[in-house]
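Lettering follows sequence order; numbering is per chain, from 1.
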Amino acid sequence: MPTPSVLDEWLHRCIRCSNCKFIFRDYRPACPSGEAFGFESYFASGRIWLARGLLSGALKWDDSLLTPIFACTTCGNCQEQCLAPHKRHIVEMIEDLRGLAAKHVGLLAAHKALLDNVKKTHNPYGEPHHARGLAKEHSLPESAETVYFVGCTANYRERAIRDATISVLKKAEVDFTVVDEYCCGSPLLRIGQPDAAKALAAHNLKKFDDVGAKRIVTSCAGCFRALRMDYPRLGLNARVEVVHAAQLVDELLRNGVLEAKTTTKGVVTYHDPCHLGRHMEVYEPPRRVLQALQVQLEEMPRTRANAWCCGAGGGAKSAFPEWSQQVAEQRVAEAVDTGADLLVSTCPFCKRALNDGRGKARRGLRVLDLLEFVDQLT
Amino acid sequence: MAVKKQVSLRSRLVRTVGERFVSDGSAERHVYSYDMTENEPKSPAFVVMPATVEEIQQLLKIANETKTPLVPMVAGQNVGGLTIPQVDGAVVVDLKRMNRVLEVDEEGMYAVLEPGVTFGHLRAYLDRHHPTLRYTYPLAPPYTSVMTNALLQGLNDLSTVHGAMADFINAIEVVLPTGELTKIGSCILGEHNWFGHHPLPDLLSLFLGWQGMTGIVTRIAVQLWPKLPCVSHAALLTFGERPSVALLKHIARANLVEDGECMSFSLLKMLMGIGPPVRQLEGEPDYGTLLTLSGHSETEVAEKYKAIENLVAKSKQQDPRQLLVPWQAIAKLVGEDAHSWVDFPSDVFKILCEYDGLTWVGTYIHPRHWSDALEQGRRIVTKYGFELMAFLKAMKGMHFGEFKFIIRFDKGVPRVITKVRKCNEELLDMALSLGALPYKTPVWAARKVLVRADPNWVKLVRRIHDTLDPNHILNPGRWGL
């Protein structure tokens, strides 16, 4: 837990008014965790009260606390709905509480495995480290002003997103390369492991420096948040601009560098990844891209700051796969209700979760990352 | 609780509501041991979340057989320690999974609700499916249970005309402490017939104000109201307890407003973003009252406004500083937020969320003592150094009044909690000395009421309680019983 912790500053602010549970003036559920588990301890207010009990000594650490503390996607919807002074710090408080839990009780087995994998192979999946293998494969230069930070999910699980992003960057003749990147640290930060994340961040920033990077482009919303928001919080200031691929493509389309060559029939709906939307307030660029692609966009009822989470974040997918899948299924159902046949997002982890959320029936809905869609139509 | 007994009880609870909805984990036992007030915490042995009436009946059966106390609760933002167990080994029965709007009768203007339906959800449901009808909303966060506020005789934004929320109840279905399911009111003659409870022997009162000691209500029919097409708001800024109260009485008796929510001026300053501690400055008004005017036409509303202007003009003879301000002027002054403040359930409650502690002594009082209570309350709150946060409301056309002094406080500072307790105790002693009745009464306050009350009333309360709940299963210890 960093010192001083946000817990010290904001611990005594929550009266449990319940605003964090539902979307303000809309009254639909906001909290995937509380909605599924039901007990007060699974809402943001409950977790804050747990932190208060643990720090004051009224509550003693034990194993049974781990599920309520970690069964949260840290989606931050509670922060959007809260009206109290601590509203901007709730996710940070939960992450700090997780850090304390790890120290006093230990991590959940799935999170321990994730941490061990990152230590051994520099990615949470335990896959052999790619290093700069992609550079040779795609004839990328040794140095460039733009670095494509692929991210672990696009590199090791959702490779189509990586390949589509490289294809789009090449079409737009962006001078870019890749580096010997390690995990951005986001999965570790979300489970309360800032020290381990800081070591990763230091490695990545050095690699950016080594190639003379001035701009980093990420596929993953989680990487984007980590590089742009979390690294400075860890005391590491990147001397580079960090943009999400959706922002870059938006710029390329608006400048006429990239052009839509074809369009597609059917209805598209867009899922705001928590780390890109609520956490970083990037809502319009992906929508402008879809507009430029001239597709029919139908919004889901819970969208932008009120978007329902895909269920994957905060370590939920690894530690609580069944619940995580339920949350994704709820989001997919909401997408289907718009009449869409294509669900687009801007995060490989969201894509993975939402694809799983289609269930066995697959529901006739395709799930694509925005960059895959852009690559198809440009 | 002995380990063997606990294991046996756990397995029976699991068989009743399912493994997922039973917890004796440290987290749940801790989180359900508190509320936002200064009342002492106490952990339950279990928390369970039933989803059906049958499950509740089975819980009561188990509780009677094992002599296990049950404490019902719903939305989670509890006050007055009302859901904090008073005895060891209790099972908190969290009813939030029962959250359906079961029926809305447009012609009879009522809604039949399960316990978990909140004000926000009812508002959303009516707006979507029955846009000509409205319910009433308290000055509370939107996610308060409609049922609990009604059963606890709370107040709302139609109380100035119609009285406490219990007066809005038509009928109920309730599981008795001994497990039987019964209906109270016109619904005894069949479904879709929840229009009222008169004329019958009045059994409804056996469940009002009892704080969950006499049964777990599983369905409640509450009155809805036509949503009038024209609604307007105004702010009344007044000086001095006596002139303020006198003017509020005149307005309420004239039946000109749908609601009159009067509060210390410091609360308005909090709304405008002034940080704590908010103090009163020389020359400021003492009170700001939000007046809600409604009617079938703009003309009707405008005429009501004119009539209020006349009453304010008369009041100016006593104190020329009294001021009536149209809401449009307030909105120009403070911005668009002003419109959200008057759209109930409102975000006004946010001003009470500064710390993790919030408490109040709230009472219903004879109109003759209203201003005395405010004057004395102000002195007490000021003496203890808390921010002045009085609320008052004319009730039921001015047949009685409501006042409360709210304190927001940091629970992390033990000496502050001690001071809060002393201040509240002094406020309550003052209120009782004026014949006021506390609502949503914590145990410590109930004990003070019992000491002062007619002994035969106390005996009758005890006798009824013993009759309905011979094993003292439901929420034992509440009301000091």
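Sorted by first and then second residue, the ring-ring contact (aromatic ring centres under 6.0 Å, His included) pairs with a member in residues 23-45 of chain B read B:His30-B:Tyr34; sequence neighbours excluded.
For chain A, the nearby parts of B:Ser340 are the backbone and the side chain; heavy atoms of each come within less than 4.5 Å. Looking at A:Tyr42, only its side chain comes within 4.5 Å of chain B, counting heavy atoms on both sides. In this structure, chain A has heavy atoms under 4.5 Å from both the backbone and the side chain of B:Ala124. With a 4.5 Å cut-off on non-hydrogen atoms, A:Asn19 touches chain B through its backbone and its side chain both. Of the atoms belonging to B:Asp35, it is backbone heavy atoms, and not side-chain ones, that fall under 4.5 Å from chain A. Of the atoms belonging to B:Leu352, it is backbone heavy atoms, and not side-chain ones, that fall under 4.5 Å from chain A. B:Arg123 touches chain A through its side chain: at least one heavy atom from C-beta onward sits under 4.5 Å away, while N, CA, C and O do not. Proximity to chain A (any heavy atom under 4.5 Å) is shown, for B:Val92, by neither the backbone nor the side chain. Neither the backbone nor the side chain of B:Pro41 comes within less than 4.5 Å of any heavy atom of chain A. When heavy atoms are compared at a cutoff of 4.5 Å, A:Ile23 approaches chain B solely by way of its backbone atoms N, CA, C and O. The contact between B:Arg20 and chain A is made by backbone and side chain atoms together, counting heavy-atom distances below 4.5 Å. With a 4.5 angstrom heavy-atom cutoff, A:Pro68 touches chain B only via side-chain atoms. With a threshold of 4.5 angstrom between heavy atoms, B:Lys96 approaches chain A through side-chain atoms but not through N, CA, C or O.
Between A:Phe22 and B:Tyr143, the ring-plane angle classifies as tilted under the 30° and 60° cut-offs. Using the six-membered ring where Trp is involved, B:His129 and B:Tyr125 have ring planes that are tilted, between 30° and 60° apart.
Under the 6.0 Å distance and 45° angle rule, B:Arg10 does not count as a cation-pi partner of B:Phe46.
B:Lys227 has its side chain within reach of B:Asp127: a pair of non-hydrogen atoms, C-beta onward, lies under 4.5 Å apart.
By the neighbour-count criterion of 12 heavy atoms within 6.0 Å, atom CZ of A:Arg25 is densely surrounded, having more than that number from other residues, nucleotides or ligands.
The pair A:Glu92-A:Arg233 meets the salt-bridge criterion, with a side-chain N (NZ, NE, NH1 or NH2) lying under 4.0 Å from an Asp/Glu carboxylate O. Comment: A:Glu334 engages A:Arg331 in a salt bridge, judged by a side-chain N to carboxylate O separation of less than 4.0 angstrom.
Paired with B:Asp356 under the rule side chain to side chain contact (heavy atoms under 4.5 Å, CB included), one option of A:His86, A:Arg52, A:Arg16 passes, and it is A:Arg52.
The candidate from A:Ile15, A:Asp26, A:Leu83 with the greatest count of non-hydrogen atom pairs under 4.5 Å with chain B is A:Ile15. If you tally non-hydrogen atom pairs under 4.5 Å between each of B:Asp343, B:Leu358, B:Val413, B:Thr37 and chain A, the highest count goes to B:Asp343. Highest contact tally toward chain A, considering only B:Gly357, B:Pro142, B:Pro141, B:Ser26, is held by B:Ser26 [criterion: heavy-atom pairs under 4.5 Å]. If you tally non-hydrogen atom pairs under 4.5 Å between each of B:Asp347, B:Asp24, B:Asn78 and chain A, the highest count goes to B:Asp347. When each of A:Ala84, A:Ser64, A:Cys17 is scored by its heavy-atom pairs under 4.5 Å with chain B, the top score falls to A:Cys17. Counting heavy-atom pairs closer than 4.5 Å to chain A, the top residue among B:Gly76, B:Gly412, B:Cys353 is B:Gly76. Listed options B:Glu354, B:Arg29, B:Lys411 were ranked by heavy-atom pairs under 4.5 angstrom with chain A; first place goes to B:Glu354.
Here the CG atom belonging to B:Asp410 is positioned 9.5 Å from the CZ atom belonging to B:Arg415, to the nearest 0.5 angstrom.
Under a 3.5 Å cut-off, the side chain of B:Thr118 and the backbone N or O of B:His121 do form a donor-acceptor pair.
One side chain, A:Gln330 or A:Trp308, offers a donor N or O that lies under 3.5 Å from an acceptor on the other.
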